[in-house]
Student: 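Let me give you the structure first, and then I'll get to my questions.
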Amino acid sequence: MNVDFDAASLSARAIERRRARAAVKAQIAAGTVNILELYDSAETSNDPVVTGLRVQAFLSSIPGVGATKVRRALDRAGVLPTATLGGLRVLQRAALRKEVVRLFRRFYAHLRGALVIIVGPSGVGKGTIAKWILANHEDFALSVSATTRAPRIGEREGEHYFFVSPSRFDELVKHEELLEWAWVHGTHRYGTPQAPVEDLLDQGVNVVLEIDIQGARGAKRKIPDAVVVFVGPPSFEELERRLAERGTEDTREQKLRLRTARRELKTAERWDALVTNHDVAEAGQSIVDLARASREAKNFKE
Ligand code: 5GP
């Protein structure tokens with residue numbers, strides 16, 4: 001065996017790894033690598049460049065994160081500075097992940113998906129537009145709301161809504177699990193579960209919410225860079241016709257919805273964008289373009 005040769009190749013490999021690690025750190029610093037994906041990949045990765053990266057070096061490569069922030073994050077998670085990304089114990093990994101998520105949302109907003117909130121009067125075609133977006137654009141997902149109303153025929157649990165009891169809804173509100181919630185048409189409560197939305201945004205997926213106006217206000221307060229798009233009908237008469245044609249509500253309920261619609265139409269120009277639903281594909285594509293433009297804009301934000 002040629003000992004000298006082995007030693008040489010070993011140190012060559014070590015140098016190579018050090019170089020590769022420096023490249024990863026440079027990518028983190030440039031904001032081109034998703035730190036959350038990198039962190040999660042270390043759990044199962046076989047790549048020594050990733051698994052051998054020290055948590056301290058990893059965190060301090062993040063722009064805006066100085067020595068004090070790193071120390072505090074490590075203290076909170078109970079992790080030693082010398083630990084490596086691949087060498088964390090289960091509880092440490094989970095605790096440090098919370099810190100990484102926090103830093104990711106703060107310093108890598110440009111890598112997160114856009115939150116698009118579609119509002120507009122009942123019967124205007126929000127649901128159809130949302131479905132069109134999902135069917136035609138893989139980088140979009142629809143958030144599933146919780147509601148206290150009963151399922152309609154053909155509606156499935158977890159697909160159209162999470163159908164919950166009033167007391168379960170109270171719990172969701174109490175434990176702050178909803179991004180927003182509201183009484184809609186004065187009869188039932190509807191709300192957006194927050195954690196699934198945030199997780200999808202972290203994965204770079206654009207999330208569509210189809211909610212009422214009060215809910216949009218609440219969501220925008222919590223996530224200010226959300227894009228609220230108001231979808232309007234070509235005319236009020238057309239809205240009346242569409243609602244009657246849909247036939248999912250009785251006459252009394254239709255009247256109630258039209259009254260709410262008049263009120264909502266007055267708010268149209270207060271939102272981030274207004275899209276008139278002449279044609280589903282055209283309206284859907286406009287919303288997709290707005291979402292993509294808002295992500296582009298984040299690339300230039302400090
Ligand atoms: P529907 O009972 O016809 O399924 O929905 C009635 C209205 O509830 C929809 O027009 C929609 O705007 C609103 N809605 C659905 N989900 C949510 C939600 O999670 N939050 C809020 N605030 N409104 C919702």
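Remember, it's 1-based here, ligands and their atoms both numbered in the order they're listed. Just so you know, residue 1 is the first one in the sequence shown, and it goes up from there. Heavy-atom basis, side chains included; hydrogens, waters and symmetry copies ignored.
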Student: For Glu99, is there an ion pair with Arg72 - N to carboxylate O distance below 4.0 angstrom?
Tutor: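 Result for this pair is no, no salt bridge flagged.
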Student: Between ligand 1 and His188, can you find any atom pair, the residue atom being a heavy atom, that is separated by under 4.0 Å?
Tutor: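 Not so, His188 does not reach ligand 1.
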Student: What part of Gln214, side chain, backbone, both or neither, has a heavy atom within less than 4.0 angstrom of ligand 1?
Tutor: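 Neither part.
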Student: Glu155 versus ligand 1: do any nitrogen or oxygen atoms come within less than 3.5 Å of each other?
Tutor: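 No, no N or O pair falls under 3.5 Å.
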Student: Strictly by modelled atom types, are Glu180 and Thr192 linked by a side-chain donor-acceptor pair under 3.5 Å?
Tutor: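 The answer is yes; a qualifying pair exists.
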Student: Hey, are Gln254 and Asp250 close enough side-chain-wise for a donor-acceptor pair under 3.5 Å?
Tutor: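 No, Gln254 and Asp250 have no side-chain donor paired with an acceptor closer than 3.5 Å.
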Student: Can you tell me how far CZ of Phe169 sits from CZ of Arg189, rounded to the nearest 0.5 angstrom?
Tutor: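 Going from CZ on Arg189 over to CZ on Phe169, the span is 5.5 Å.
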Student: Does some non-hydrogen atom of Ser122 fall short of 4.0 Å from ligand 1?
Tutor: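 Distance cut 4.0 Å: Ser122 fails for ligand 1.
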Student: Nearest non-hydrogen atom to atom 19 (O) of ligand 1 belongs to which of Gly120, Gly123, Ser145?
Tutor: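 Ranked by closest heavy atom to atom 19 (O) of ligand 1, first place is Ser145.
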Student: Does at least one non-hydrogen atom of Arg257 fall below 4.0 angstrom from an atom of ligand 1?
Tutor: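 Arg257: in contact with ligand 1 (<4.0 Å).
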Student: At what distance, to the nearest 0.5 angstrom, does CZ of Arg89 lie from CD of Gln92?
Tutor: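 Taking CZ in Arg89 and CD in Gln92, the distance rounds to 4.0 Å.
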Student: Measure the distance from atom 5 (O) of ligand 1 to every protein heavy atom, then report the residue, atom name and distance (to 0.1 Å) of the closest one.
Tutor: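 The answer is Tyr161 OH, 3.3 Å.
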Student: Starting from atom 12 (O) of ligand 1, what is the nearest protein heavy atom, named by residue and atom, and what distance separates them?
Tutor: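 Ranking protein heavy atoms by distance from atom 12 (O) of ligand 1, first comes Ile211 C, 3.1 Å.
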Student: Looking only at the side chains, is there a donor atom on one of Trp271 and Thr267 sitting less than 3.5 Å from an acceptor on the other?
Tutor: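 On atom types as modelled, these side chains qualify, holding a pair under 3.5 Å.
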Student: If we ignore angles and hydrogens, is there a donor and acceptor under 3.5 Å between the side chains of Arg149 and Thr147?
Tutor: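 No - no donor-acceptor pair under 3.5 Å links their side chains.
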Student: With nothing but distance in play, are any N or O atoms of Gly191 less than 3.5 Å from an N or O of ligand 1?
Tutor: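 So ligand 1 has an N or O lying under 3.5 Å from an N or O of Gly191.
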Student: Answer side chain, backbone, both or neither: which part of Val184 comes under 4.0 Å from ligand 1, heavy atoms only.
Tutor: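 Just the side chain.
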Student: Can you pull out the closest protein heavy atom to atom 20 (N) of ligand 1? Residue, atom name and distance to 0.1 Å, please.
Tutor: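 Of the protein heavy atoms, Glu180 OE2, 2.8 Å lies nearest.
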Student: Quick one: which ligand 1 atoms are inside 4.0 Å of a heavy atom on Ala182?
Tutor: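 Atoms satisfying the 4.0 Å criterion: 22 (N).
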Student: In the protein, which heavy atom is nearest to atom 13 (C) of ligand 1, and how far is it?
Tutor: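 Checking every protein heavy atom, the shortest distance to atom 13 (C) of ligand 1 gives Asp212 N, 3.9 Å.
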Student: Which is it for Glu296 and His110 under the side-chain hydrogen bond (donor to acceptor under 3.5 Å, both in side chains) test, yes or no, and what are the steps along the way?
Tutor: CA-CA 8 Å; Glu296 288 290 310; His110 59 287; over 6 Å; no
Student: Are any of the side-chain nitrogens in Glu177 or Lys174 under 4.0 Å away from the carboxylate oxygens of its partner?
Tutor: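 No, this pair does not count.
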Student: What about Lys126: any of its N or O atoms under 3.5 Å from an N or O on ligand 1?
Tutor: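 The answer is yes, given that Lys126 and ligand 1 share an N or O pair closer than 3.5 Å.
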Student: Is there a salt bridge (charged side-chain N to carboxylate O under 4.0 Å, His left out) between Glu238 and Arg241 once you walk through the steps?
Tutor: CA-CA 5 Å; Glu238 176 62 17; Arg241 202 188 59 71; 2.9 Å; yes
Student: What protein heavy atom sits nearest atom 6 (C) of ligand 1, and how far off is it?
Tutor: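 Looking at atom 6 (C) of ligand 1, the protein heavy atom closest to it is Tyr190 OH, 3.7 Å.
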Student: Arg152 versus ligand 1: do any nitrogen or oxygen atoms come within less than 3.5 Å of each other?
Tutor: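 Among all N and O atoms of Arg152, at least one is under 3.5 Å from an N or O of ligand 1.
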Student: Enumerate the atoms of ligand 1 whose separation from the nearest heavy atom of Arg149 is less than 4.0 angstrom.
Tutor: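 Matching atoms, with element in brackets: 1 (P), 2 (O), 4 (O).
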Student: Looking at Glu210, which atoms of ligand 1 are within less than 4.0 Å of one of its heavy atoms?
Tutor: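 Going through ligand 1 atom by atom, the ones under 4.0 Å from Glu210 are 11 (C), 14 (N), 15 (C), 16 (N).
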Student: Examine the side chains of Asn206 and Arg295 and answer whether a donor and an acceptor come within less than 3.5 Å of each other.
Tutor: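 Side-chain D/A pair, Asn206 to Arg295: present.
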